[in-house]
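Only heavy atoms go into these numbers, but all of them, side chains included; no hydrogens, no water, no symmetry mates.
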Amino acid sequence: MQHDSKSPQLTGLVVAIAIVFLWLGSLGCAFSLDVSKLLPLGIVPVILGRTFIQTGLFIVAHDAIHGSVLPGNRRVNYWFGQFALALYALLPYQKLADHHWQHHLQPARHGDPDFHDGVRDSLGAWYVMFMQEYLDFRQKVVLFFGMKVIFFSLYLGFHVPIPNLFLFWVLPIVLSSMQLFFFGTYLPHRAADKAVAPSPHLKSHNAVSSNYPIVLSFLTCYHFGYHWEHHEYPSLPWYRLPSVRQGCKSLPLDRQSLDHY
């Protein structure tokens, strides 16, 4: 039985809108920077900040897949998720949603599109296989030509400098994919055969959670490191996972003691 409590009706929508506006605003500010006048130590924080916000777009789409952007409204979740993924990297929402639900059905087992094949289980090889699963030939064509059109439209139509485009738009997309893979797939599922449920009454989901404090958990990947909790209660939005994690760390407990979250 899955956790079925919902956050207040509009909270998820407000959080999602805030992330989208933060992404748009930060992109505009980053495009206006004079890179030639910034020291490397000034450029790196901007890249990291843009990467973090870029990851936030994917988290919005992820919450949309689980229906927690606007609980009970499938259409709003769909369109918000599609919009967030289009901004993220022109990704198709339905394909990602289908893959993600398959991941939840068979986490870290044969049939899980996010899991390695038993051979390519090193960090680098697994990441390449992970990306290939989502970027088939059709999507690669869409991504290549779509990004090219956007890139040159911004450069020729809005006079955004090429270094700014690469540093603050293209590079954060790549770094964000690595961040999501490392903290949301590799670390939680790499030791799937050794995963143990936090209580005899609960399933392991072939996933483990990080022990990062809340602030670090947020900065690493919007609490995606609290991964067992996400698999146990997939309807919970990312910002409510810490409350469940705190309950799990105060074991022994059973399912009833988690139901108040």
Side-chain angles (χ1 to χ4, degrees), residues 19-20 22-33 35 38 40-62 65 81-93 95-96 99-100 103 113-116 120-155 158 160-190 218-225 227 238:
I19 290 175
V20 169
L22 186 60
W23 184 86
L24 293 169
S26 66
L27 188 67
C29 291
F31 281 171
S32 67
L33 293 175
V35 174
L38 290 175
L41 290 180
I43 295 175
V44 170
V46 181
I47 294 173
L48 294 179
R50 283 286 304 138
T51 298
F52 179 75
I53 300 169
Q54 185 78 20
T55 297
L57 283 180
F58 193 93
I59 298 299
V60 167
H62 172 265
I65 290 171
Q82 181 63 79
F83 181 61
L85 287 177
L87 291 179
Y88 182 82
L90 304 177
L91 296 176
Y93 175 82
K95 178 179 179 179
L96 191 142
H99 277 61
H100 190 66
H103 166 69
D114 292 350
F115 200 53
H116 61 74
R120 293 172 290 178
D121 57 355
S122 66
L123 177 61
W126 188 354
Y127 171 73
V128 171
M129 189 186 71
F130 174 84
M131 294 303 296
Q132 288 176 340
E133 186 67 35
Y134 288 92
L135 297 178
D136 57 18
F137 177 76
R138 179 180 179 277
Q139 187 55 34
K140 287 177 181 176
V141 171
V142 170
L143 188 61
F144 177 78
F145 287 103
M147 294 281 284
K148 203 169 185 179
V149 168
I150 295 171
F151 187 96
F152 284 104
S153 295
L154 290 170
Y155 173 61
F158 294 89
V160 178
I162 288 181
N164 295 55
L165 286 166
F166 274 110
L167 290 172
F168 307 134
W169 179 48
V170 177
L171 183 58
I173 294 174
V174 177
L175 294 177
S176 172
S177 72
M178 295 178 177
Q179 179 183 11
L180 286 161
F181 170 75
F182 185 73
F183 291 104
T185 297
Y186 179 73
L187 290 182
H189 294 297
R190 62 177 173 169
F218 170 64
L219 292 176
T220 52
C221 203
Y222 295 79
H223 306 305
F224 231 42
H227 210 75
W238 63 268

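Defined by atom type and a distance below 3.5 Å, a donor-acceptor pair is missing between the side-chain atoms of Tyr127 and Thr185.
Residues Tyr88 and Thr55 are not in side-chain contact: their nearest non-hydrogen atoms beyond the backbone lie 4.5 Å or more apart. With contacts defined as side-chain heavy-atom distances shorter than 4.5 Å, the pair Leu165/Leu154 qualifies. Side-chain contact between Ile150 and Leu90 is present, with heavy atoms from C-beta onward closer than 4.5 Å. The shortest distance between side-chain heavy atoms of Leu180 and Cys221 falls below 4.5 Å.
With sequence neighbours excluded, the residues that form a salt bridge (charged side-chain N to carboxylate O under 4.0 Å, His left out) with Lys95 are Asp136.
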Report the C-alpha distance between Phe151 and Phe166 in whole Å, list the side-chain angles of each, state the deciding distance to 0.1 Å, and finish with yes or no for ring pair (Phe, Tyr, Trp, His ring centres under 6.0 Å). CA-CA 9 Å; Phe151 187 96; Phe166 274 110; 5.2 Å; yes
May I have the step-by-step check of side chain to side chain contact (heavy atoms under 4.5 Å, CB included) for Leu91 and Leu143, ending in yes or no? CA-CA 8 Å; Leu91 296 176; Leu143 188 61; 5.6 Å; no
Do Met147 and Ile173 pass the side chain to side chain contact (heavy atoms under 4.5 Å, CB included) test, and can you show the C-alpha distance, the side-chain angles, and the key distance before you say yes or no? CA-CA 11 Å; Met147 294 281 284; Ile173 294 174; 3.6 Å; yes
Which is it for Phe182 and Leu187 under the side chain to side chain contact (heavy atoms under 4.5 Å, CB included) test, yes or no, and what are the steps along the way? CA-CA 6 Å; Phe182 185 73; Leu187 290 182; 3.5 Å; yes
Assess whether side chain to side chain contact (heavy atoms under 4.5 Å, CB included) is satisfied between Thr51 and Leu171, documenting all intermediate values. CA-CA 8 Å; Thr51 298; Leu171 183 58; over 6 Å; no
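Under the 3.5 Å distance criterion, the side-chain polar atoms of Gln54 are left unmatched by any main-chain donor or acceptor of Trp169. Looking only at distances, a side-chain donor or acceptor of Asn164 sits under 3.5 Å from a matching main-chain atom of Ala30. Arg120 contributes no side-chain N or O that, together with a main-chain N or O of Ala125, makes up a donor-acceptor pair within less than 3.5 Å.
Between Pro172 and Arg50, the shortest heavy-atom distance links the atoms CG-CB, 3.8 Å. Scanning both residues, Pro188 and Phe183, for their nearest heavy atoms gives CG-O, 3.3 Å. Residues Gly81 and Ala61 approach most closely at O-CB, 3.8 Å, considering heavy atoms. Nearest approach of Ala84 to Val60, heavy atoms of both residues: CB-CG1, 4.0 Å. Summarising the geometry of His227 relative to Gly184, their closest heavy-atom pair is CE1-O, 3.0 Å, with the distance given to 0.1 Å. Annotation for Leu135 and Lys140: closest pair O-CE, 3.0 Å, computed over non-hydrogen atoms.
The distance from atom CD1 of Ile59 to atom CD1 of Ile53, rounded to the nearest 0.5 Å, is 13.5 Å. The distance from atom NE2 of His116 to atom CE of Met129, rounded to the nearest 0.5 Å, is 7.5 Å. To the nearest 0.5 Å, the span separating OG on Ser32 from CZ on Phe158 amounts to 14.0 Å. Taking CG of Leu96 as the start and NE2 of His103 as the end, the distance is 11.5 Å to the nearest 0.5 Å. In this structure, CD on Gln179 lies 11.5 Å from CZ on Phe58, to the nearest 0.5 angstrom.
Just one residue in the list Phe115, Phe181, Tyr186 forms a ring-ring contact (aromatic ring centres under 6.0 Å, His included) with Phe130, and that residue is Phe181.
By the 30° and 60° cut-offs, the orientation of the rings of Phe52 relative to Tyr222 is parallel. The aromatic rings of Trp238 and Phe218 lie parallel to each other, with less than 30° between the two planes, well short of the 60° mark. Ring planes of His99 and Tyr134: tilted class, angle from 30 to 60°.
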